Amino acid sequence: MAGFISTNIAMGQTIPSTIPSTQPLLQRDETPQQHNARMKWWREARFGLFIHWGVYSVPAGVYKDKEVPGIGEWIMNHAKIPVAEYAQYTEQFNPAGFDAEHWVRIAQAAGMKYIVITAKHHDGFAMFHTKVDGYNITDATPFERDPLAELADACQVAGIKLGFYYSQCQDWHHPGGDAKGGHWDKAQDGDFDAYLKNIAVPQVRELLTNYGPVAVLWFDTPSKLMTPQRAAEFLPLLKLQPQIIVNNRLGGGFKGDTETPEQHIPPGGYPGEDWETCMTINDTWGYKVNDVNFKSTDALLRNLVDIASKGGNYLLNVGPTSEGIIPEPEVERLKAIGDWLKVNGDSIYGTGPTAFGDEAGYFDPVKKDKHGRPIWVAKWDWRCTTGPGKLYIHFFKWPDHVFVLKGVTGSVGKAYMLADERQNGIPFEQNGNQVSVKIPPIAPDPVDSVLVLDLSPGK
Ligand code: GLC
């Protein structure tokens, strides 16, 4: 069983330069074997559903008849809505259309293996029946149900993993909670340690106690307030779910299990690390009625493939409405990805990264994104994922006649299209490390057709 060390660093241990020696050591106490066993399902899963759902779906991006720029779940902060006024949205929050089993079916039809849902976002509103105070969906809304309990049951039945997002540092409702940009309402002022002790820690304890197996704990936006000592207050709770996977956003120097690049795909992945790109389907996490800037299914599917080819997971977000409905354009896109995975899933689930180095593109020498980061320009028309004895070549652009692949280590026994159930062989030649495949005239799939090069001996 994995345990956690949060005692002071003992004499003679290596002390990370950023953490003074009086600070707690924030890491899990487990062997590499135990760690690998704990991460196994997650590494094989590759594709998960992020759900940002909260009371912010009531204003849905509009305050006092004006569109509030930015992501929907930040509306309280962006529009500086007073605490008591924002809390009134709870009276209109009655998601009668919420059907946990239906949501789970949507995730499964998309080929997703896990779900991570917002249990409490920065607005401080608990989407579960917390006993800590009444600011939660069961006690403060006409809905009166506990959607996370219903989702936990539905996930259990369907055999899909469930995880919780919890905003441990920012909380714009409870006194003492942190707020990016500072408090804007006196009601927010208070003691951060009291907030941790009375709200955040007990709520995380509830989440890890009352909802059956919790596969993932997804913390977010730690500020400097989240010192190693404060972060350490959460660690004993993880023993309640010894197999739980925790992201890298608790703060205080806790590394966690997973890197979490947001809204982008790191060019070379994070070699040797577990990582997960989280991404919106449109431009917001929490529902905004006017955000219809949906990414195309093609782009989303190629993102999944690109991420898998770099050894990562894709946590793709939906933002349900205040009626409890996942918007149809999101459902459609997920379904299309799932249809592709039904045919081509072997080239994604449980696969490893490309066998062909990191030449898949370049940083634009001039352009920068809105965060000032260099923009990655993908160069290749194809990606590669790997399975035991197999190279999966994903063609985003169908090659003319012959596809030449250099740098193949091993001897190819057979080439076939993954979409071809009968695995009819495709002619190819191998000269040393170079393989030339005679490409059939018609691509099996307009977005990504997968060629399998079978390196198993004896084929
Ligand atoms: C950011 C935002 C947040 C969103 C998250 C998802 O950190 O604060 O609203 O939940 O990203 O990764």
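Whatever order the structure lists ligands and atoms in, that order sets their numbers, starting from 1. Source: prediction; values computed, not measured.
- Among all protein heavy atoms, the one lying closest to atom 12 (O) of ligand 1 is Glu262 OE1, 3.0 Å.
- At the top of the distance list for atom 9 (O) of ligand 1, counting protein heavy atoms only, stands Glu73 OE2, 2.5 Å.
- For Thr221, no nitrogen or oxygen atom sits less than 3.5 Å from a nitrogen or oxygen atom of ligand 1, counting backbone and side chain alike.
- Contact of the Lys310 side chain with the Arg383 side chain is registered, since non-hydrogen atoms from C-beta on lie closer than 4.5 Å.
- Heavy-atom proximity to Tyr165, at under 4.0 Å, picks out these atoms of ligand 1: 10 (O).
- Residue contacts with ligand 1: Trp218 is included, with a non-hydrogen atom under 4.0 Å away.
- Atom 5 (C) of ligand 1 has Asp220 OD2, 3.3 Å as its closest protein atom, hydrogens excluded (heavy atom only).
- Within ligand 1, the atoms closer than 4.0 Å to a non-hydrogen atom of Arg249 are 7 (O), 11 (O), 12 (O), numbered from 1 in the order shown.
- No side-chain N or O of His173 forms a donor-acceptor pair with one of Asp123 less than 3.5 Å apart.
- Within the listing of ligand 1, atoms 2 (C), 3 (C), 8 (O), 9 (O) sit less than 4.0 angstrom from a heavy atom of Trp74.
- Listed by number with element, the atoms of ligand 1 under 4.0 Å from a non-hydrogen atom of Cys278 are 12 (O).
- Judged as a side-chain hydrogen bond (donor to acceptor under 3.5 Å, both in side chains), the pairs with a partner in residues 106-115 (not counting sequence neighbours) are, in order, Tyr114-Glu276, Tyr114-Asn313.
- Evaluation of the side-chain hydrogen bond (donor to acceptor under 3.5 Å, both in side chains) test over residues 141-156, restricted to residues two or more places apart or in two chains, returns Arg145-Glu150, Asp146-Tyr211.
- Inter-residue side-chain proximity for Cys278 and Trp285 is flagged as met; some heavy-atom pair is nearer than 4.5 Å.
- Ranking protein heavy atoms by distance to atom 10 (O) of ligand 1, first place goes to His52 NE2, 2.6 Å.
- Heavy-atom contacts of His121 reach the following atoms of ligand 1: 3 (C), 4 (C), 9 (O), 10 (O) (cutoff under 4.0 Å).
- Ligand 1 has no atom lying under 4.0 Å from any heavy atom of Lys180.
- Contact detail for Ile117 and Leu162: the closest heavy-atom pair is CG2-CD1, 4.2 Å.
- Each of Val318, Asn317, Thr280 was checked for a side chain to side chain contact (heavy atoms under 4.5 Å, CB included) with Phe50, and the lone residue meeting it is Asn317.
- Taking a 4.0 Å cut-off on heavy atoms, Gln170 fails to register as neighbouring ligand 1.
- For the ligand labelled ligand 1, residue Gln263 lies outside the 4.0 Å heavy-atom shell.
- Side-chain atoms of Thr258 and Asp274 form no donor-acceptor pair, as typed in the model, at a separation below 3.5 Å.
- Around CD of Glu101, the count of heavy atoms belonging to other residues, nucleotides or ligands within 6.0 Å does not exceed 12.
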